[in-house]
Amino acid sequence: MPDNYRRVSIEHVVLVSLVASHHDLDLSVLDRLSTDAAAVGAELVAARGPVRGAVTLATCNRLELYVDVPDADAVGDARTAVARAVGARSGLAPTDVAAHLRLLVDREVSAHLFGVASGLESMVVGEREIAGQVRRALASARRDGTTTPDLETLFQAASRSSRAVEARTGIGATGRSVVGVALDLAERDLPDWSAVRCVLVGTGSYAGASLAALRARGCGDVRVFSPSGRAGDFASARGVDAVPPGRDLADEVRDADLVVACSGAAGPVLTAEHLEAARHEAGRDGAAPRPLTVLDLALLHDIDPRVGDLPGVHLVTLHTVAEHAPDEHAAVAEARAVAAEMAAGFEAERRIRAWDPAVVAERTRVLGGLEAALAALPEDARDERAERALRRRVRRALHGPTVRARAAARDGDGAGFAAALAQLAAIDVPVLALDAGAPA
């Protein structure tokens, strides 16, 4: 195998992903792993170890860390560094973290992320919320200064794949999502949506999606509560009311029919004891407290799980959604094929970019050498027509091996690439001889 090919293989940047999701882990474990996950990427890159760039994708049912490392030999060290960083925040031993995080390398990474961005790995297959979360993960990495050209290319291509899957298969057109399934489960215990009084806990992007879903069903009475104090700005921008600052959430929900919680606060914002006391107070006039449905859509549990044990309270969590998520439908197989096709195309182009410098180097050696030799000829020995013919002959000699090398790179055919590169290396710079004033 030529030295050039070995050099390209060694210097090829390796993409790595460490994945934990609802497919493999209980949500409580995923909850622990996701503690302060947004800070992990910046810490890894700042350490100047094997991780040169990082993008963190953390949602209500997955934690995925995408990193690039200089070569295959650094993959193990990168995995160890990630496990230590996540373990330090979660309180889990690094060995346990490493066991929970599934390792994907190079082409496995793009195949997985393209499926994730297309909603094919979601709790509700085909949901569209994840496409925005993938875009925001890249935007966050840019703000933190942890992204790299390879990670940029990967995530941008994943977003294109998501759009292609939607356009070619229509998957996701039904609007199914975690929020949608949760509201489906809730409405069996609710009055007509036009009469529902709802308290929305949270002001992030997930709260925005939840509010849009509530409005689409006809729920107009929504009050926003924020543990962080941002309810006023969020509510005024969307034409709904905010719970006044300082008001207790348990008191606020006494006359509500529905609570949708998705703030991701560090610890429950509504405990069973507080809600029980508020409902008891509401029933002092002899009337039974009104039925209450609570949707806890936060991975870090906005709502004390014991709330579901209170009389008249129906609790829906991410576990409930996972149990009732709709089965995959006919378009999913086609969608998976489209995502796989897009991932294969991405990997082909990535190989071409990685391996092509060796091809360019051989072509430059020959063509550059030819031009240098022509430039060195005495002016009275130059013949423009003969020089053009010589250039055409040399380019024809280079063309076949160049095409074969790039085709082999696209297919991942290392042996074929090495053979084509050897043919290029065997092409000598033409030796010019003076013969009647023209180059030979």
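Along the sequence shown, the residues carry numbers beginning at 1. This is a predicted model, so every value here is computed, not measured.
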Assess the residue pair Leu390 and Leu370 against the criterion (side chain to side chain contact (heavy atoms under 4.5 Å, CB included)); give the C-alpha distance rounded to whole Å, side-chain angles, the decisive distance to 0.1 Å, and a yes or no.
CA-CA 9 Å; Leu390 179 59; Leu370 173 61; 3.6 Å; yes
For Ser110 and Glu347, what are the C-alpha separation, side-chain angles and deciding distance, and is it a side-chain hydrogen bond (donor to acceptor under 3.5 Å, both in side chains)?
CA-CA 8 Å; Ser110 58; Glu347 287 299 327; 2.8 Å; yes
Evaluate side chain to side chain contact (heavy atoms under 4.5 Å, CB included) for Asn61 paired with Val178, printing each intermediate quantity in order.
CA-CA 10 Å; Asn61 51 42; Val178 170; 4.3 Å; yes
Apply the test side-chain hydrogen bond (donor to acceptor under 3.5 Å, both in side chains) to residues Ser194 and Asp192: give CA-CA distance (whole Å), side-chain angles for both, the deciding distance (0.1 Å), then the verdict.
CA-CA 5 Å; Ser194 61; Asp192 185 81; 2.5 Å; yes
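Annotation: side chain of Leu138 is not in contact with side chain of Leu154 (no heavy-atom distance under 4.5 Å). Taking the side chain as every heavy atom from C-beta outward, Leu104 and Val16 never approach each other to under 4.5 Å. When side chains are defined from C-beta on, Arg168 counts as touching Glu341, because their heavy atoms get closer than 4.5 Å. Within the 4.5 Å cutoff, the side chain of Arg197 has no heavy atoms near those of the Leu258 side chain. Residues Pro401 and Leu398 are not in side-chain contact: their nearest non-hydrogen atoms beyond the backbone lie 4.5 Å or more apart. In this structure, Val69 and Arg79 have side chains that are not in contact, with every pair of non-hydrogen atoms separated by 4.5 Å or more.
Here the CG atom belonging to Asp304 is positioned 9.5 Å from the CG atom belonging to Leu275, to the nearest 0.5 angstrom. Distance check: Arg306 CZ to Leu315 CG gives 12.5 Å after rounding to the nearest 0.5 Å. Considering CD1 of Ile303 and CG of Leu249, their distance stands at 6.5 Å, rounded to 0.5 Å. Rounding to the nearest 0.5 Å gives a distance of 12.0 Å between OG of Ser161 and CD of Glu166. Here Met342 contributes atom CE and Arg160 contributes atom CZ; the two are 7.0 Å apart, rounded to the nearest 0.5 Å. With rounding to the nearest 0.5 angstrom, the CZ atom of Arg351 is 13.5 Å from the CG atom of Asp356.
In this structure, Arg107 places its CZ atom where only 12 or fewer heavy-atom neighbours from other residues, nucleotides or ligands lie under 6.0 Å away. No more than 12 heavy-atom neighbours from other residues, nucleotides or ligands sit within 6.0 angstrom of NE2 on His399. Within 6.0 Å of CZ in Arg290 there are more than 12 heavy atoms belonging to other residues, nucleotides or ligands. Within a 6.0 Å radius of CZ in Arg395, other residues, nucleotides and ligands contribute 12 heavy atoms or fewer. In the displayed structure, Arg84 atom CZ is contacted under 6.0 Å by at most 12 heavy atoms of other residues, nucleotides or ligands. Residue-environment remark: CD (Glu276) stays at or below the threshold of 12 foreign heavy atoms within 6.0 Å.
Across all non-hydrogen atoms, the minimal contact from Ala54 to Val45 is N-CG2, 3.9 Å. Shortest non-hydrogen contact noted between Val429 and Gly369 is CG1-C, 3.5 Å. Between Ala74 and Pro50, the shortest heavy-atom contact is O-CB, 4.0 Å. When all heavy atoms of Arg215 and Val240 are compared, the pair lying nearest together is NH2-CG1, 3.3 Å.
At a cut-off of 3.5 Å, with distance as the only test, no side-chain donor of Asp189 or Thr293 sits close to an acceptor on the other residue. Side-chain contact of Asp302 with Ser263: a donor-acceptor pair under 3.5 Å is present, judged by distance alone. In this structure, a donor-acceptor pair under 3.5 Å is absent between the side chains of Thr146 and Asp144. Between the side chains of Gln133 and Glu129, not a single donor N or O lies within less than 3.5 Å of an accepting N or O. Checked by atom type, the side-chain pair Arg363/Thr402 shows a donor-acceptor distance below 3.5 Å.
Annotation: cation-pi pair Arg238/Phe234 present, NZ/CZ under 6.0 Å from the ring centroid and within 45° of its normal.
Classified by interplanar angle (parallel below 30°, tilted 30° to 60°, perpendicular above 60°), the ring pair Tyr66/Phe155 is perpendicular.
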